[in-house]
Amino acid sequence: MASSAPSAPSAQSSGGTKRPREDEYTTRPMEAYHQKRTNDSIHSTISLCPAMQVLMDHNPYFQRLRKLKQLGVTESVYINATHNRKEHSLGVAHLAERLARGLAERQPKLGITDKDVLCVKLAGLCHDLGHGPFSHVYDGPFLDAMRADQARRKEEVDAMASASASASAASGSNDDPYADVPPIPTDWTHEDASLKIIDAILKSNGLEIDKNNLDEPLKQVWHGVDAKRFGISGAGHYGSDGDDDYQGKPYPKERLLTNRDFIFIKECINGGPLNDGPGYESYVGRPAEKEFLYDIVSNRHSGLDVDKIDYFARDQRQCHKGSGEIEVLLIEEAFVCWGECSRPSKCFQCRCEGEEDLQLQRIMRSAAGDKDARRDGMHLMICYPEKTLLKALDFFKTRFRLHSEIYTHRQAKGAEYIICDILKEADPHYRLRAENYPGGLPISRAMLDMTAYANLNDTIIDTIRSSTKTSLRRAQDLIERYEQRMFYKFVLSIEISHDKDDATSLLWEKDEAAIKMELCKMHVSHRGEGREKLFLSPIDIIIEKKEIHHGRKSLNPVDMMRFLPKHELSRLNRSVSELPEARQQSEDKYKSSIPQAFNERAIRIFCRNKKKEVVDLLYHASLQWIEDTKRGFHAPDSWIEMEEVGDAAGDDDDMGAYDRHIANVSQEINDHTPPRRRVTNRNTTQVSADTNQAEEMSPVRPTRGPTNLFHANGETN
């Protein structure tokens, strides 16, 4: 057996070394790997086939998942929530294989091959490769904040350039720590990084996807795994040990992983076509009669897929001991049949505005003599028997409950926001080693280079803390605060009514920056320990618009699924074209189990400031802001106008301090806000005209739970 050799193509010509010919590459066959099993807290044991091991072993990209906690900082609330994304990825791969094999056994005429099963399994294994550190903190609030900062910097440079004799002189006077790196991609998602990391993993094994030869083996570009012998292992059947039938010989196409197969794997992860060139606007990896395979890992129709089945069970098991079981019926009772598209306006295949358009298309094609007209707007999708309807509804209820109890827990969110601020403070001063950027890349640009991204994981906090750079001192102070569990304080939560005429709907429509401005303008009298006048600063305030739902915003997610009645189950063994049509079920069949609403909205306010007096001030200002918004009053543009309303401003010193405070609020808001969302002094800020509210309020502890500050009659608590 050939020994392994350096597998980095980037080293091909370093130091003047002559690039070897393809037949001179040192490659290792699949015999170098043997079938393995590993224990798992959810699935008991998981089988690791040789193809999985090729992608998992000896590269930093997959092993990076061990250093990414599945739930980020949720362990600050649930101490057992320390499971990582590697565990979850193995679980998804296991369930993907289990579901695909079950479909192949129950419906053999679907033509599901062993290679189809392997590809879906590898898609499950690789689907989370692109996740950033601390769960969704990186690709959520952190990148949102850094994009806002990027837009602000660009506006400043443009303003300086217009005021200067030359743009170069302006840029020279602008001390921009990001001047030598590209901007943050505006539409980047962690799925994009997953696709790039698959390329990097293949490259580390001496392989590359060749789009010009889709049905050929992967391109051999360096030492590593033998491209002609990379695929389904085993003699005679999938998953067995040994390769006696093909010892030293290339695999036949039914066992060989080709370029098309890896395009298919990427499409499964992406949840749709790759759209990265001509011909890739629709599925390339598998033909239309196998489109249901794409819904196993990421279900674009209903959202019920093996990814969620695994992490629902895994997260419950770690956070709520004694719970967290796999929904076996959703794996074992699944089958494939025709079903009407649940989202035709968003479907890349249907591309129409709704059911009426679909019916019109069918009528027109039928009139033209098209025998397949009845299939317009129809897909081969994963469906279920009617008896599983309530089980499916329970699945989506579990989603809602987990988001409410775990994923948006207020203390965990307070910890997430401080982690976000740590990364923001460190970003201009810390660089990750990158292959294509000699000066390295900031944390916010790590996705531009997979070498840098491979080094970005949850341990970044430890790296920042141990740095000797004085420029990282502010970030290190925040890390010290985080480790002392002095998270940002939850102040209160305002539940938003589903009634558009309700007063709370006015609050939801407000922009986060405008809310900060209005809170800072609230004339709430509060004093510190030294009796000094206290004012709110925008930097103290975090506004979160929380919306949790069952999977389809305000809609019933079960309406997106398709079910088959019992008397039609016997038709499932027919050919693909003759499979029955599963249909949406009427809510009347399970109306007693349907929740009153499928989504829940709330505005939550957090405070960065550690001082209890400031937290109390923000709490009272928030109460006044709610009341004033409900009553529909408008804020005066200056303190002078407020003085004309009544003599409630307090003494002259307080009035002057407030005047100076208001003058700085807009600028501070704008320093942390994208240009298109800037706040000016002339806005629709609303404050109370009740001048008697200037009396000093006694400190009250902020509400420690989600609080509905509006009764049904619109009055505040």
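Neither side chain, D128 nor Y311, offers a donor N or O lying under 3.5 Å from an acceptor on the other. With no hydrogens or angles considered, a side-chain donor-acceptor pair links D307 and H88 at under 3.5 Å. In summary, the side chains of D315 and Q70 do not present any donor paired with an acceptor at a separation below 3.5 Å, with no hydrogens or angles considered. Residues Y33 and D57 bring no donor and acceptor atom of their side chains to less than 3.5 Å of each other. Defined by atom type and a distance below 3.5 Å, a donor-acceptor pair is missing between the side-chain atoms of Q349 and S282.
Taking the centre of each ring, F396 and F598 stay at or above the 6.0 Å mark. F264 and Y294 have their aromatic ring centers within a separation under 6.0 angstrom.
Relative ring orientation between H550 and F400 is described as parallel, the plane-to-plane angle staying below 30° on a 0-90° scale split at 30° and 60°. Classification of the H131-H190 ring pair by plane angle, with boundaries at 30° and 60°, yields parallel.
Residue K387 places its NZ atom among 12 or fewer non-hydrogen atoms of other residues, nucleotides or ligands, all under 6.0 Å distant. The local environment of NZ in K211 is crowded, with over 12 non-hydrogen atoms from other residues, nucleotides or ligands closer than 6.0 Å.
Remark: the backbone N or O of F312 is paired with a side-chain donor or acceptor of Q316 at under 3.5 angstrom.
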For this session: Could you check H83 against L71 for side-chain contact (heavy atoms from CB on, under 4.5 Å), going step by step and ending with a plain yes or no?
Result: CA-CA 8 Å; H83 53 302; L71 295 180; 3.7 Å; yes

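Using a 4.0 Å cut-off between charged nitrogen and carboxylate oxygen, R98 and E332 count as a salt-bridge pair. For D394 and K391, the salt-bridge test fails: no basic side-chain N is under 4.0 Å from an acidic carboxylate O.
Considering every non-hydrogen atom in both L195 and L274, the closest pair reads CD1-CD2, 4.0 Å.
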